[in-house]
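To keep things clear, I will list the structure first and then write my remarks on it.
These values consider heavy atoms only, across backbone and side chains, with no hydrogens, waters or symmetry-generated copies. Note on naming: letters A, B, ... go to the chains in the order of the sequence lines (proteins, then strands), and numbering restarts at 1 for each one.
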2 protein chains.
Amino acid sequence: MTKQRELILSIVRGSDAHLSAEEIYLAAREQMPTIALATVYNSLKYLSDNGIISRLTFADQPDRYDKMLVPHDHMVCSACGAIRDIRIEGIDQFLHDHAGENIDSYDLTLHHLCPKCRASAANI
Amino acid sequence: MTKQRELILSIVRGSDAHLSAEEIYLAAREQMPTIALATVYNSLKYLSDNGIISRLTFADQPDRYDKMLVPHDHMVCSACGAIRDIRIEGIDQFLHDHAGENIDSYDLTLHHLCPKCRASAANI
DNA sequence: TTTAGAATTGGAATAATTCTAAATATATTA
DNA sequence: TAATATATTTAGAATTATTCCAATTCTAAA
């Protein structure tokens, strides 16, 4: 692992947000001002391809990166795009039992209005 | 509904593939050669925002559009990106029971290697 | 049948990401 | 250790998907 990849890994691991490449780039530059955006993309690709971090794809947002934890799912606000980790207990088993064939992995995203957006929607 | 939107809707409804905007544009031009790509995007936005068709977002692919059918899920090949409709029986109920709060909708994508890619991976 | 609002067109603009080629670093071998 | 091969980084150009914009055209309503 190069210094750059170590840095990027530590940024992803050190945050609970679901950071985008751009956000990671900004954070990385504070500690290594000469790092290139392409290196951030390269490293994120390397890290996620090797299962060290995970990459998340949502509609209308750039891809985001997450540390590898216990498997979990995501809840996204349809209005502001805020992302929250959630855990649907038993989903893995459920999918394996019901999919009818081999699954390597899955992505589950639930959509709702977050409390803030629900409140402002009510005022319109 | 304008002629353009009617045409785009009929293309989406007439296909079992999960078409991208570009593919829909190419199909649309055969019947209406002057249609603009921007109109295709506009119309797809209008149709999906109004729940007439649905928009699908997958990693490493442009967004795709699908006719509205019974709720269903997707199986994507990690190698070639091929998309197949699947139905996980009882998933709606399961999510409602286990999510612990109100869900407006959900996206579930399962990842695997399709038979073709599994075969060629075995030959490497 | 004017008039307002909405939609379409074509091209420019933007955002996210990948590619490229040169330079640098790292690892491997003699 | 020196020489060489391999991998990574850098900076900027290129690409892809999508949105924006201004001018025009259509549609619908008064």
Item to complete: Test ring pair (Phe, Tyr, Trp, His ring centres under 6.0 Å) on B:His18 and B:Phe58 and set out the steps.
Response: CA-CA 11 Å; B:His18 302 81; B:Phe58 302 106; 7.3 Å; no
Worksheet item: Which residues, if any, of residues 39-65 of chain A bring a heavy atom under 4.0 Å of DNA chain C?
Response: A:Tyr41, A:Pro62, A:Asp63
Worksheet item: Does D:dA29 have a Watson-Crick or wobble mate here (both distances under 3.5 Å), and if so which one?
Response: C:dT2
Item to complete: Using only heavy-atom distances, determine whether the side chains of A:Ser54 and A:Asp66 contain a donor-acceptor pair under 3.5 Å.
Response: no
Discussion item. Around atom CG of B:Asp104, are there more than 12 heavy atoms from other residues, nucleotides or ligands closer than 6.0 Å?
Written reply: yes
Worksheet item: Is the closest side-chain donor-acceptor distance between B:Asn102 and B:His96 under 3.5 Å?
Response: no
Fill in: Donor on one side chain, acceptor on other, A:Asp107 and B:His111, under 3.5 Å
yes
Practice prompt. Could you label the plane-to-plane angle of the A:Phe94 and A:His98 rings as parallel, tilted or perpendicular, counting under 30° as parallel and over 60° as perpendicular?
Written response: parallel
Practice prompt. Indicate for each nucleotide in nucleotides 23-30 of chain D, in 5' to 3' sequence, whether protein heavy atoms under 4.0 Å reach the base (B), only the sugar-phosphate (S), or nothing (-).
Written response: ----S---
What pairs of nitrogen or oxygen atoms, one from the protein and one from nucleotides 10-12 of chain C, lie under 3.5 Å apart?
from: C:dG10; atom 1: OP2; to: B:Thr34; atom 2: O; distance (Å): 3.2

Discussion item. Does this structure show an ion pair linking A:Arg64 with A:Glu22, if we count only N-O contacts that are shorter than 4.0 Å?
Written reply: no
Practice prompt. Dump the intermediate steps for salt bridge (charged side-chain N to carboxylate O under 4.0 Å, His left out) on B:Arg84 and B:Asp73, then the final yes or no.
Written response: CA-CA 9 Å; B:Arg84 234 182 57 223; B:Asp73 312 297; over 6 Å; no
